[in-house]
Amino acid sequence: QAMRCNIYKSLLGDSGWVAGIKLDADINANGATNTEPALGKNEAGETVLYFVSDRSGKSNDVYYAKLNSDGTFEKAKPLSTVINTAGNEMSPFYDFQTNTLYFSSDGHVSIGGMDVFKTKAANGAWSEPENLGLPINSSVDDMYYNWNENERLRLALRNTHGCFGLKSETCCDDIYQLYQHKI
């Protein structure tokens, strides 16, 4: 049996978070896994929900859906083929301060496994994804990159040698943090 995920939303009320509400079929395609939601901007500068889905039946790809003014979403569409490949793309993160979309992929040229890439919108299209290189990426899977400018902190998930896995040296994912020092 395959595990299937769906995306829900919850609103913060006066007495805390209300029960989650499953988003409709415009986001959660039936029979597909829909996961890893992240708000951001698209190449046109509109607010969108990025997420990962295997709805194509071939691999995991990054999709997006425009956020309407009433809080609903338009029908999800796959991101550009500049970003999505025949391989797997996942863990989208949008940095609002630099208008940069980060994601992980094993379909673009990489150091090894899943690597973290970045792209920016220019003239209504996404730029060619750029591999973040070392030390963000390694010879194994590197995913879920996140950047906090205020704390000058970067987070990434890695299943590398020397991790804390019980089965093998690279069986499990660990969270790594990197700090950017002022020069």
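Residue numbers start at 1 and run along the sequence shown. Heavy-atom basis, side chains included; hydrogens, waters and symmetry copies ignored.
The two residues Ser56 and Asp61 come nearest to each other via the heavy atoms OG-OD2, 3.8 Å. Heavy atoms only, all atoms of each residue included: Ala65 and Ala76 are closest at CB-CA, 4.0 Å. Nearest approach of Phe96 to Asn99, heavy atoms of both residues: O-OD1, 3.4 Å.
Identified under the side-chain hydrogen bond (donor to acceptor under 3.5 Å, both in side chains) test for residues 74-93, with sequence neighbours left out: Thr85-Glu89, Glu89-Ser105, Ser91-Ser104. Residue pairs that meet the salt bridge (charged side-chain N to carboxylate O under 4.0 Å, His left out) test with at least one member in residues 37-47, sequence neighbours left out, are Glu46-Lys66.
Proximity of Leu11 to Trp17: side-chain heavy atoms (C-beta onward) are nowhere separated by under 4.5 Å.
Aromatic ring orientation, Phe117 versus His108: tilted (interplanar angle from 30° to 60°). Using bins of under 30°, 30° to 60° and over 60° for the plane-to-plane angle, the ring pair Tyr145/Tyr102 lands in the tilted bin.
In this structure Thr119 satisfies the side-chain hydrogen bond (donor to acceptor under 3.5 Å, both in side chains) test together with Ser127, sequence neighbours excluded. Every residue two or more places apart in sequence or in another chain that forms a side-chain contact (heavy atoms from CB on, under 4.5 Å) with Thr35 is listed here: Cys5, Thr33, Val52. With sequence neighbours excluded, no residue forms a ring pair (Phe, Tyr, Trp, His ring centres under 6.0 Å) with Tyr64. The salt bridge (Lys or Arg N to Asp or Glu O under 4.0 Å) search around Glu130 returns none, not counting sequence neighbours.
Environment of CG in Asn30: sparse, with no more than 12 heavy atoms of neighbouring residues, nucleotides or ligands closer than 6.0 Å. Crowding of Asp14 atom CG: a count of heavy atoms from other residues, nucleotides or ligands under 6.0 Å not exceeding 12.
A continuous path of Ile, Leu, Val, Met, Phe, Trp and Tyr side chains, each step under 4.5 Å between heavy atoms, connects Tyr63 with Leu39, placing both in one hydrophobic cluster. Residues Ile111 and Leu132 fall into different hydrophobic clusters, defined by Ile, Leu, Val, Met, Phe, Trp and Tyr side chains chained together at heavy-atom separations under 4.5 Å.
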**Message:** With side-chain hydrogen bond (donor to acceptor under 3.5 Å, both in side chains) as the criterion, how do Asn60 and Asp54 come out once you've worked through the C-alpha distance, each side chain's angles and the decisive distance to 0.1 Å?
**Reply:** CA-CA 4 Å; Asn60 289 319; Asp54 63 358; over 6 Å; no

